[in-house]
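Down below is the structure, laid out as structure tokens.
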Amino acid sequence: MQTLKDMLAASLWAKGLTPEQMRRVAAETTEKAVPAQGFVCRRGESVQHWIGVIDGLVKMTNLSADGKPTTFTGVPNGGWFSEGSLLKNEPRRYDIVALRASRIAYMPRATFMWLLDTSIEFNRFLVVQLNERLGQFIAMVEHDRLLGPDARVARGLAGMFNPHLYPGMGNRLEVSQEELGYLAGLSRQRVNQSLKLLEQAGLLRVEYGGITVLDMDGLNKFEDS
DNA sequence: TCATTAAATTGTT
DNA sequence: AACAATTTAATGA
């Protein structure tokens, strides 16, 4: 559990800001508690905020025509998202749902645009963030088609520890196996099997209410068929 | 602080 | 999907 101020201070993009810039950001960014399974924001809404996860875990998800939910990625503590839709000024394409009770930071569009206009550092950060995100999604398409369930769990987990997108993550992720199932698109039972396999491979440790990553590199390289 | 109970999560079928 | 086992959190003595 951390405060909005802590989170801002820990965010990479905030490091290059002047004290005045920092003050404005802190003053205009609001915080909201979202219960588990609650909507952080909905598909179709016009995008008015850049959104950060102060504490908790959210997923970017969508419903296919036949009602099957598809989760694209999870965003843990310290992650910011929505810059793409903000820049394009289009309606939001995905539902953002809290996987557990979370506290969310909302930076108004005006503040975001102002940072974009005044801070070189902020622009630099965004370029890196967009590039990382692009890589993440490309990799995800690849994985969904080429890798088996065990590897998908492995890569999905590894993706949540991306230091560019989600700085300051420890090596422990507090997420139930059920939640991992939502993220990987697998049943809880299958996730349970996968986690055991990965544990036997020495890549992570399965714990009550979460997992601890032991070998990030190994997770990224894990393959099966 | 310890014991009991309820709730959440895991492991297995 | 259902069930049992396990862990944590909450309660009260």
Checklist outcome for this item: A:Glu179 atom CD is separated from B:dT9 atom P, nearest whole Å, by 7 Å
Item to check | d(CG, A:Leu197; P, B:dG11) in whole Å | outcome: 14 Å
Checklist outcome for this item: Taken to the nearest whole Å, CZ/A:Arg190 to P/B:dG11 is 14 Å
Checklist entry - To the nearest angstrom, how far is A:Leu195 atom CG from B:dT10 atom P? => result 9 Å
Next on the checklist: Tell me every residue that passes side-chain contact (heavy atoms from CB on, under 4.5 Å) with A:Arg172, counting only those two or more places apart in sequence or in another chain.
Outcome noted: A:Glu174, A:Glu207, A:Thr212
Checklist entry - How long is the line joining CD of A:Glu207 and C1' of B:dT9, in whole Å? => result 13 Å
Protein-nucleotides 5-11 of chain C N/O pairs under 3.5 Å:
| from | atom 1 | to | atom 2 | distance (Å) |
| --- | --- | --- | --- | --- |
| C:dT7 | O2 | A:Tyr208 | OH | 3.2 |

Item to check | Pairs involving residues 108-124 of chain A, ordered by first then second residue, that meet salt bridge (Lys or Arg N to Asp or Glu O under 4.0 Å) (sequence neighbours left out) | outcome: A:Glu121-A:Arg124
Checklist entry - Quick one: hydrophobic cluster around A:Leu8, which other residues, with the 4.5 Å side-chain cut-off, linked directly or via members? => result A:Leu4, A:Met7, A:Leu12, A:Trp13, A:Leu17, A:Met22, A:Val25, A:Val47, A:Trp50, A:Ile54, A:Trp80, A:Leu86, A:Leu87, A:Met107, A:Phe112, A:Met113, A:Trp114, A:Leu115, A:Leu116, A:Phe122, A:Phe125, A:Leu126, A:Leu130
Checklist entry - Counting just side-chain N and O atoms, does A:Asn192 come under 4.0 Å of either OP1 or OP2 of B:dT10? => result no
Checklist entry - Any luck finding a side-chain donor-acceptor pair between A:Gln21 and A:Ser119 under 3.5 Å? => result no
Next on the checklist: I need the CD-P distance between A:Gln193 and B:dT13, as an integer number of Å.
Outcome noted: 10 Å
Next on the checklist: What is the separation between atom CG on A:Leu204 and atom P on B:dT10, rounded to the nearest whole Å?
Outcome noted: 13 Å
Checklist entry - Which salt bridge (Lys or Arg N to Asp or Glu O under 4.0 Å) pairs, counting each pair once, include a residue from residues 178-192 of chain A, with sequence neighbours left out? => result A:Asp150-A:Arg190
Checklist outcome for this item: To the nearest angstrom, the CD1-P distance between A:Ile211 and B:dT10 comes to 11 Å
Checklist outcome for this item: Taking Watson-Crick and G-U wobble contacts under 3.5 angstrom, with | marking pairs to another strand and [ ] crossing pairs, the secondary structure of DNA chain B is written |||||||||||||
Checklist entry - Excluding sequence neighbours, so at least two apart, what forms salt bridge (Lys or Arg N to Asp or Glu O under 4.0 Å) with A:Lys32? => result none
Checklist entry - Quick check: are there more than 12 heavy atoms from other residues, nucleotides or ligands sitting under 6.0 Å from CZ of A:Arg24? => result yes
Item to check | Pairs flagged by salt bridge (Lys or Arg N to Asp or Glu O under 4.0 Å) wherever residues 72-86 of chain A is involved - sequence neighbours left out | outcome: A:Glu83-A:Arg133
Checklist entry - What pairs with A:Glu199 under side chain to side chain donor-acceptor pair (under 3.5 Å), at least two apart in sequence or on another chain? => result none
